[in-house]
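Note that the coordinates shown come from a computational prediction; the quantities given were computed from them, not determined experimentally. Just so it is clear, the values below take in all heavy atoms, side chains as well, and ignore hydrogens, waters and symmetry mates.
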Amino acid sequence: MRYIADDFIVEAKKLRISYKEINMQDALRIRNNVENLYCKKGYGALWERISIENFGFHTPNNKAIFKNLNAEINNEVIIFFEESTDKTFFKLKNIVDLMNVVNELFGFVFYITDENESFLLCRNDHEFIIGAGKAKKWVENLLKNST
C-alpha cells in the first residue's frame with residue numbers, strides 16, 4: 001500500500017523538490033536498525049514503542065515546528081511512515097525540503113532519521129513530536145524555545 005507515498009511524490013514534484021525512493025531491502029535494514037536502537041520490542045505503532053528515556057511534547061497545529069532543526073540536521077534525511085500504512089522510504093537532501101513537502105500533506109505519522117540512524121524523530125497522529133538518540137536534545141530545545 002502506498003497511499004502516503006503517492007501523495008508525497010505529487011507534492012514534491014509540485015514544489016520541485018528532489019527525492020530518492022529507497023529500495024525495499026535498504027528500507028527494511030533502516031527500519032530494523034532504528035527499531036533496534038530506539039524502540040521496545042512488541043506490536044503496535046512504532047511511535048508507541050519508542051523507549052521511555054526519549055523525549056516528546058505536544059505541538060497542536062504547529063506545522064512549522066521542524067524549521068528550527070535546520071542547524072541540527074544539515075545533511076540528507078530519510079522519511080518513512082507507519083509500516084502498516086505505507087512501507088515506502090524517501091531520502092531528501094535536507095530537513096527544509098522534507099518539511100516543505102510534509103506541510104502540504106494531510107496529517108499522518110512519519111519518522112525521520114539519517115543514513116547513520118543517529119536519531120529518530122517522529123510526528124505522530126496525536127500531534128506529538130518524539131525524539132530519540134540525538135533528537136532527544138533537539139526536541140527538548142524545541143520545547144524550551146516554544147514556551
Inset, instruction - Might you work through the side chain to side chain contact (heavy atoms under 4.5 Å, CB included) test for Ile30 and Phe89, ending with a clear yes or no? - result: CA-CA 9 Å; Ile30 293 166; Phe89 281 54; 3.8 Å; yes

Legend entry - Working for side chain to side chain donor-acceptor pair (under 3.5 Å), residues Lys93 and Asn75: CA-CA 6 Å; Lys93 68 180 179 177; Asn75 51 357; over 6 Å; no

Inset, instruction - Go through the steps to decide whether Phe110 and Ile4 satisfy the test side chain to side chain contact (heavy atoms under 4.5 Å, CB included), and finish with yes or no. - result: CA-CA 10 Å; Phe110 64 90; Ile4 297 173; over 6 Å; no

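Following chains of ILVMFWY side-chain contacts shorter than 4.5 Å, one can reach Val96 starting from Leu105, so the two form part of one hydrophobic cluster. Under the 4.5 Å side-chain contact rule for hydrophobic residues, Leu15 and Leu98 share a cluster.
Residues passing the salt bridge (Lys or Arg N to Asp or Glu O under 4.0 Å) test with Lys14 are Glu11, sequence neighbours excluded. By the side-chain contact (heavy atoms from CB on, under 4.5 Å) test, Asn32 pairs with Leu28, sequence neighbours left out. Checked against side-chain contact (heavy atoms from CB on, under 4.5 Å), Glu76 has the following partners two or more places apart in sequence or in another chain: Lys91.
In this structure, Phe128 has its ring center no closer than 6.0 Å to that of Trp47.
A distance of 6.5 Å separates CG of Leu120 from CG of Leu46, quoted to the nearest 0.5 Å. Annotation: the span from Arg123 atom CZ to Ile130 atom CD1 amounts to 10.5 Å, rounded to 0.5 Å. Atom NZ in Lys87 sits 13.5 Å away from atom CZ in Phe80 (nearest 0.5 Å). Distance check: Glu48 CD to Lys40 NZ gives 11.0 Å after rounding to the nearest 0.5 Å. Rounded to the nearest 0.5 Å, atoms CZ (Phe108) and CG (Asn124) are 12.5 Å apart. Here Leu121 contributes atom CG and Tyr38 contributes atom OH; the two are 11.0 Å apart, rounded to the nearest 0.5 Å.
Under the 30°/60° scheme for interplanar angles, the aromatic rings of Phe8 and Phe90 are found to lie parallel.
What you find for Ile50 and Cys122 is that their closest heavy atoms are CD1-CB, 4.2 Å. What you find for Ala5 and Asp86 is that their closest heavy atoms are N-OD2, 2.8 Å. Looking at every heavy atom in both residues, Ile112 comes nearest to Phe119 through O-CE1, 3.4 Å.
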